[in-house]
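In what follows, every heavy atom counts, from backbone to side chain, and hydrogens, waters and symmetry copies are set aside. Counting from 1, the numbers follow the sequence of the chain as shown.
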Amino acid sequence: MVLRQLEYLAALAREKHFGRAAEACHVSQPTLSAAIRLLEDDLGAPIVERGHRYVGLTPQGQVVLDHAHRVLAEIENLRHELDEIDKGLTGRLRIGAIPTALPIVSQLTGPFLARFPGVTVTVLSHSSQEIERGIEDFELDAGLTYLDAEPLSHLKTKPICVEEYLFLTPATGPFAGRRQVTWREAAEAPLCLLTPDMQNRRIIDGVFRSVGAKPVPAVETNSIFNLVSHVSAGQWSAIVPRQLLRFLGVPPGTRAIELVEPAAQRTIGLVMSDREPPSPLARNLFAMKLPADVAALIQPPDRFEAYEAKAIR
């Protein structure tokens, strides 16, 4: 019964509503409420702020919730470990990926699912901070995020690829005939950039600051695909990762131009919790060695000219 009570508490904290939490747990609302009251009696501490509707958790309740997440995650890992012995790896692998890394996720999950067909995968688009928090709160098994842009704590890391940046601009615009554009020049163009809460935007802003530039974007979005579509409209330019265009191609009516002075790059990699024992799903994902043809797709090309010619054909 204690495990069920902890599940109910975790659902209530997630849904922030007694009725929705009960529905998510497939029980009646009175059953869920009674179970949480029983948990309070067992622990001798108030867990939920009392009111006509859900208000929040008490300070004691937040402590209980933190322990509930750990206990439930350990039970889930235990089940996966036992299943792995009896019938191979099973379960749902939950991956959070920063928007600029979404195009390469399938290059990792494809080989993983081919090796472990009993596993299903959920991929969610998150900011780097949401990924770190999701892993800490046992809501994600692994993440695909920047490794060297902002500090990462309590996480194991595995480099996957290097992110480099290109200037995506209308094919008929003032930069269309250029082979290179400086970051200072790019700052003067009408730009569409990711929103400030995205780490990619903070990286780009940092590069602009390093050359004494402070662009004022005309459009901001938290979707990398919406970013590209705005450039296709013919009014704006954008700073985009090279890997994005390697997988999606250069959109019609646009050109991808090398950004220089400086030649900026960041490392993207897998992250997982460094808790022991590790999640079997995350552990096996980290242990995967990418096939040579997949690794070649993810790694950046040696020369920009070769990439550009291939992309615009």
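- Taking 4.5 Å as the limit, some side-chain heavy atom of L285 sits within range of a side-chain heavy atom of I95.
- Counting heavy atoms from C-beta outward, I268 and P241 have side chains that stay 4.5 Å or more apart.
- Using modelled atom types, one finds a donor on one side chain and an acceptor on the other under 3.5 Å when comparing T267 with D148.
- Under the 30°/60° scheme for interplanar angles, the aromatic rings of H69 and F138 are found to be tilted.
- Judged by distance alone, the side chains of R275 and S273 do bring a donor and an acceptor atom under 3.5 Å apart.
- H26 places no side-chain N or O within 3.5 Å of a backbone atom of A22 that could act as its donor or acceptor partner.
- Taking every heavy atom of both residues into account, C161 and I104 meet most closely at SG-CD1, 3.7 Å.
- Between the side chains of S106 and T109, not a single donor N or O lies within less than 3.5 Å of an accepting N or O.
- H67 NE2 to L72 CG: the interatomic distance, rounded to the nearest 0.5 Å, is 13.0 Å.
- We find the CG-CD distance between L32 and E7 to be 11.0 Å, quoted to the nearest 0.5 Å.
- F225 and W236 fall into different hydrophobic clusters, defined by Ile, Leu, Val, Met, Phe, Trp and Tyr side-chain heavy atoms under 4.5 Å apart, directly or through other members.
- Of the possible polar contacts, one joining the T58 side chain to the I47 backbone as a donor-acceptor pair under 3.5 Å is found.
- For the pair V228/L248, no side-chain contact is recorded, criterion being any heavy-atom separation below 4.5 Å from C-beta on.
- Under 4.0 Å is where a charged nitrogen must lie from a carboxylate oxygen, and between E220 and R201 at least one such pair does.
- Minimum heavy-atom separation, R14 to A24: NH2-CB, 4.1 Å.
- In summary, the side chains of S128 and Q199 do present a donor paired with an acceptor at a separation below 3.5 Å, with no hydrogens or angles considered.
- In this structure, Y8 OH and I36 CD1 are separated by 9.5 Å, a value rounded to the nearest 0.5 Å.
- Under a hydrophobic-cluster definition in which Ile, Leu, Val, Met, Phe, Trp and Tyr are linked whenever side-chain heavy atoms come within less than 4.5 Å, directly or via other members, Y146 and V123 are assigned to the same cluster.
- In this structure, CE on M198 lies 13.0 Å from CG on D205, to the nearest 0.5 angstrom.
- R178 has a carboxylate O that lies under 4.0 Å from a charged side-chain N of E185, or vice versa, which qualifies the two as a salt bridge.
- Checked by atom type, the side-chain pair T100/E163 shows a donor-acceptor distance below 3.5 Å.
- To the nearest 0.5 Å, atom CD1 of residue I131 and atom CG of residue L144 are 7.0 Å apart.
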The test is side-chain contact (heavy atoms from CB on, under 4.5 Å); show your working for F167 and E258 and say whether it passes. CA-CA 6 Å; F167 186 66; E258 187 176 18; over 6 Å; no
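- For E23, the CD atom is loosely surrounded, since the number of other residues' heavy atoms within 6.0 Å does not exceed 12.
- Judged by distance alone, the side chains of R94 and T122 never bring a donor and an acceptor atom under 3.5 Å apart.
- Scanning all heavy atoms of the two residues, the minimum distance from L89 to V119 falls at O-CG2, 3.6 Å.
- Closest approach of F286 and K158 over heavy atoms only: O-NZ, 2.6 Å.
- The cluster map of Ile, Leu, Val, Met, Phe, Trp and Tyr, joined by side-chain heavy atoms under 4.5 Å apart, puts F175 and L227 in the same cluster.
- Judged by distance alone, the side chain of R242 and the main-chain N or O of E164 form no donor-acceptor pair under 3.5 Å.
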Under the side-chain hydrogen bond (donor to acceptor under 3.5 Å, both in side chains) rule, what do S232 and S229 come out as? Steps first, then yes or no, please. CA-CA 5 Å; S232 299; S229 70; over 6 Å; no
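- Side-chain N or O atoms of R92 include none that pairs as donor or acceptor with a backbone N or O of T120 at under 3.5 Å.
- L281 and M288 end up in the same hydrophobic cluster when Ile, Leu, Val, Met, Phe, Trp and Tyr side chains are linked at under 4.5 Å.
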Given the rule in the salt bridge (Lys or Arg N to Asp or Glu O under 4.0 Å) test, do E136 and R133 qualify, once you have shown the distances and angles that lead to the verdict? CA-CA 5 Å; E136 178 67 22; R133 185 165 58 250; over 6 Å; no
Run the side-chain contact (heavy atoms from CB on, under 4.5 Å) check on I257 and T169 step by step: do they pass? CA-CA 8 Å; I257 305 173; T169 193; 3.8 Å; yes
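- The closest side-chain heavy-atom distance from L168 to V250 is below 4.5 Å.
- Residues V121 and F116 are not in side-chain contact: their nearest non-hydrogen atoms beyond the backbone lie 4.5 Å or more apart.
- Smallest separation of non-hydrogen atoms from L65 and A13: CD2-CB, 3.6 Å.
- Of the possible polar contacts, one joining the W183 side chain to the P262 backbone as a donor-acceptor pair under 3.5 Å is found.
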Run L194 and N222 through side-chain contact (heavy atoms from CB on, under 4.5 Å) and show every step you take. CA-CA 5 Å; L194 291 178; N222 63 358; 5.7 Å; no
Run the numbers on D42 and Q5 for side-chain contact (heavy atoms from CB on, under 4.5 Å), then give the verdict. CA-CA 11 Å; D42 289 342; Q5 291 167 339; 4.1 Å; yes
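- In the hydrophobic clustering of ILVMFWY residues, with side-chain heavy atoms under 4.5 Å counting as a link, L3 and V27 come out together.
- Atom CG of D66 sits about 7.5 Å away from atom CG of D137, to the nearest 0.5 Å.
- When side chains are defined from C-beta on, I160 counts as touching L270, because their heavy atoms get closer than 4.5 Å.
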